[in-house]
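Take a look at the structure below.
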Amino acid sequence: MSGLVIEPPRGKPDPAVTPNLHRAAENWRLHRADARRRVDWEAWRERARQVRADAVRNLPELIELLEARFVAAGGHVHHARDAGEASAHVVRICRAAGATRAVKGKSMTSEEINLDAALAQAGIEAVETDLGEYIVQAMGDRPSHILAPAVHLSAAQVADLFARESGRHFDPDDTAALVDYARGVLRERFLAAEVGITGVNLAIAETGTLAIVESEGNIRLATSLPRVHIALMGIEKVIRDWEGAAHLIQMLPLAAHGKPAAASTSFITGPARDGDDGPREIHLVLLDGGRSAIRGTPFEEALHCIRCGACLYACPVYRQVGGHGYGTTYSGPIGAVITPLLARGGDASELPGLSSLCGACVEACPVKIPLDDQLVMLRAQAHRRDPARGEAALFAAWARLWSRPAAYRATAATAGRALRPLWSALARDGWQHRAPFPFSGWTDGRDARVPDAEPFHVRWRRRRGGA
Amino acid sequence: MAPEDARRELLTRFRARLEELDGSLHEAPSLVAARAAAHELIGTATVARWRDEALDGIVELEQERPAVDAEVSLILADVAVADTGAVGFAHRTGRPRSVGLLPPRQIVLLDAADLLADVASALHHLGMRPGGALPSNVVFVAGPSRTSDIEQRSIRGVHAPREVAVVIFTG
């Protein structure tokens, strides 16, 4: 089974928070300019691509090496073919440790396997500790960006949430007070937790070391205070050696934020030793989840992804609809590519349509994944599976009709006039939010503009005539 | 470049990166001077510290607290990276992870001889290579912990220190 969330978007993006998304994308663009000034960007990308290509090409060998070295360092390794097995491993480890309270560091893989549901069912309380994830979890919501899970929410919504939780008043403009409150609440959780659950950014096979980068310090706490650490990773995150690690560990913050370094980077090799006060036990859950099947196909490069989030902010579609518009765990261009691959088509086959194929994602990608080519290939695959002949015939007829100026003029004007009264009656501010069937198929997920009273070509002709 | 100029260049680069990440750098001509500078920075605040000898004599015994109650953490870096503004250290006996994490302010002593140019050299310096016994936990810290999760507003200090001061000493 796949645990990838694939569901219709929950309503439409809130127009009030679209500016947040735009601000975030704009910030990213400014920082990206910094990143490119700092290093020989193209050479760095090529080097990063080589490190990832070597890893994915030699995946079985490297996973075997990683396991051997991880075990030699005193850790335990668990293989999971799919989401269900991965969740079951985590639950079993928690139970064996007698744990009922877990703290989680941000991990998209845990979202992918829907771990929270499995833990809740097992009676294990798991609190997200990344600030954005904590907010999203407390709201019963889902992350909308790989690195900025709460980018779709406003400060006012966060202030309301914290006020409901604590019975105190919060000023949405006092961001520091909001952060302070969350720090206090989560500090207690860290001190009480028996298990820390995190993702992994890179696993260095030659020494069995896990590398995790972060901004907030919650990963360090989750991998230091609880007596058991469970790390969850997709098998493709392994790399061969420290030389590659040194490069990628710098590339990740550069691509993600344009910063020279993440606020902290942890390198973890086995459980605590030599009087170190860290966890007594460390477990690595290796998730395949459809990844092996992508190797050796034309889509292999999708496995090179280091989850920096750059292609999301670069994408004009993501910037408009936000992560929730995709209705999937992984959003943006990389999400539109890997979701159908990991889920083997099915309900995700329409996702590759969420792209303008402008190529901005390819240019942004620090490991040079040809996302645009892959989107096109996936569209072709989906079409071959489900040719939708009726639709194709309809579009062909429409194309023939509107290729003739006279026919176009006649029908475009008529269509606008015919639809307008019905459309306007239901619209607000020139936008149609809830159209009747069959147009509801469109407006359930997005708004439609009310057609103008006159088509453009009519107005243009009049204006030209009048001038 | 003469060795002295090369060291100066490294230090300039390190300072620029660290300050860009909201950390601060203080230079001291000797370990004794570094201890005095750290003493000054700490003032009367309560402190949790690592047991490294270099950190002796900076705070009074009465100022010391367990990590969970202290206002300042006092630690020693094993290495620093001019390219990234990060300091790196391994945890072991006498160097608990909680000390460097829980107090809101952090003071890091750094021997100028351990300031290296790039990440790869720093990892090598820490013994991160096959064959040896790697430390169980090595952390690189570049400035204070931070978040932009609420409307992209940049806030310093979430779960880890909100203030990081590095005191670098020569000799």
Side-chain angles (χ1 to χ4, degrees), chain A residues 20 23-24 27 69 73 129-132 135 148-151 153-155 158 175-176 178-179 182-183 186-187 190-191 206-207 209 214-218 220-221 223-225 241-243 245-247 249-250 259-278, chain B residues 17 20-22 67-68 81 83-86 88 90-102 104 118-124 126 128-162 164:
Chain A
N20 284 347
R23 191 160 48 233
N27 272 344
R69 297 289 151 87
T129 57
D130 171 88
L131 178 61
I135 293 166
V151 69
L153 297 171
S154 69
V158 177
T175 317
L178 294 170
V179 173
R183 175 187 168 110
L186 288 169
R187 181 58 63 92
F190 278 119
L191 292 168
E206 65 175 355
T207 55
T209 303
E214 60 170 324
S215 300
E216 298 185 0
N218 59 313
R220 285 179 66 197
L221 284 164
T223 59
S224 295
L225 300 183
D241 54 28
W242 280 93
E243 202 193 325
H247 187 67
I249 217 71
Q250 290 178 85
K259 298 257 198 244
S264 58
T265 309
S266 298
F267 294 103
I268 298 166
T269 314
R273 286 185 298 275
D274 309 330
D276 164 4
D277 62 337
Chain B
R17 294 286 185 269
E20 178 188 349
L21 297 167
D22 293 325
V68 72
V81 186
D83 273 356
T84 64
H91 294 103
R92 56 174 176 267
T93 305
R95 292 177 146 205
R97 303 184 195 196
S98 52
V99 163
L101 265 171
L102 298 177
D118 54 48
V119 174
S121 319
L123 288 168
H124 200 260
L126 283 162
M128 310 304 270
R129 52 178 179 268
L134 276 71
S136 52
N137 187 248
V138 164
V139 174
F140 282 77
V141 170
S145 84
R146 48 189 177 256
T147 185
S148 312
D149 274 346
I150 300 176
E151 286 195 7
Q152 294 286 302
R153 301 173 194 161
S154 185
I155 296 289
R156 261 187 283 168
V158 195
H159 300 295
R162 72 186 70 191
V164 173

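Every chain is numbered from 1 and lettered A, B, ... according to where its sequence line falls, protein lines coming before strand lines.
- Looking at A:R187, the atoms closer than 4.5 Å to chain B (heavy atoms on both sides) all sit in the side chain, from C-beta outward.
- The contact between B:R146 and chain A is made by backbone and side chain atoms together, counting heavy-atom distances below 4.5 Å.
- Note: B:D149 leads B:V68, B:D149, B:N137 in heavy-atom pairs under 4.5 Å with chain A.
- Interface residue A:N27: only side-chain heavy atoms are found under 4.5 Å from chain B.
- The nearest pair of heavy atoms linking B:S145 to A:A263 is CA-CB, 4.3 Å.
- Scanning all heavy atoms of the two residues, the minimum distance from B:V81 to B:A122 falls at CG2-CB, 3.6 Å.
- Both the backbone and the side chain of B:L102 have a heavy atom closer than 4.5 Å to some heavy atom of chain A.
- Heavy-atom distances place both the backbone and the side chain of A:L221 under 4.5 Å from chain B.
- Minimum interatomic distance between A:D276 and A:A272 (heavy atoms only, all atoms of both residues): O-CB, 3.5 Å.
- Between chain A and the options B:L101, B:D118, B:I150, heavy-atom pairs under 4.5 Å are most frequent for B:L101.
- For chain B, the nearby parts of A:L131 are the backbone and the side chain; heavy atoms of each come within less than 4.5 Å.
- Nearest heavy-atom pair across B:A160 and A:R183 is O-NH1, 3.4 Å.
- Here A:R23 pairs with B:E151 in a salt bridge; the nearest charged N to carboxylate O distance falls below 4.0 Å.
- Both the backbone and the side chain of A:E216 come within less than 4.5 Å of a heavy atom of chain B.
- In terms of heavy-atom pairs under 4.5 angstrom with chain B, the leader among A:G270, A:A246, A:A148 is A:A246.
- Proximity of a side-chain donor or acceptor of A:R273 to a complementary backbone N or O of A:A73 within less than 3.5 Å is detected.
- Using a 4.5 Å cut-off between heavy atoms, B:L123 touches chain A through its side chain atoms alone.
- B:R97 places no side-chain N or O within 3.5 Å of a backbone atom of A:D277 that could act as its donor or acceptor partner.
- With sequence neighbours left out, the ring-ring contact (aromatic ring centres under 6.0 Å, His included) criterion links B:H91 to B:W50, B:F89.
- Heavy atoms only, all atoms of each residue included: A:V179 and B:G157 are closest at CG1-O, 3.8 Å.
- A tilted orientation is assigned to the rings of A:F267 and A:W242, their planes being inclined by 30° to 60°.
- Counting heavy-atom pairs closer than 4.5 Å to chain B, the top-ranked of the candidates A:A176, A:S264, A:P149 is A:S264.
- Contact tally against chain A (heavy-atom pairs below 4.5 Å) for B:H159, B:R92, B:R156: the top residue is B:H159.
- Heavy-atom distances place both the backbone and the side chain of A:A24 under 4.5 Å from chain B.
- Most heavy-atom pairs under 4.5 Å with chain A: of the set B:V139, B:V99, B:L21, this distinction falls to B:V139.
- B:R153 CZ to A:N20 CG: the interatomic distance, rounded to the nearest 0.5 Å, is 8.5 Å.
- Contact of A:T207 with chain B is made through the side chain alone, with heavy-atom distances under 4.5 Å.
- Here A:S215 is the residue among A:G132, A:P271, A:S215, A:A150 with the most heavy-atom pairs under 4.5 Å with chain B.
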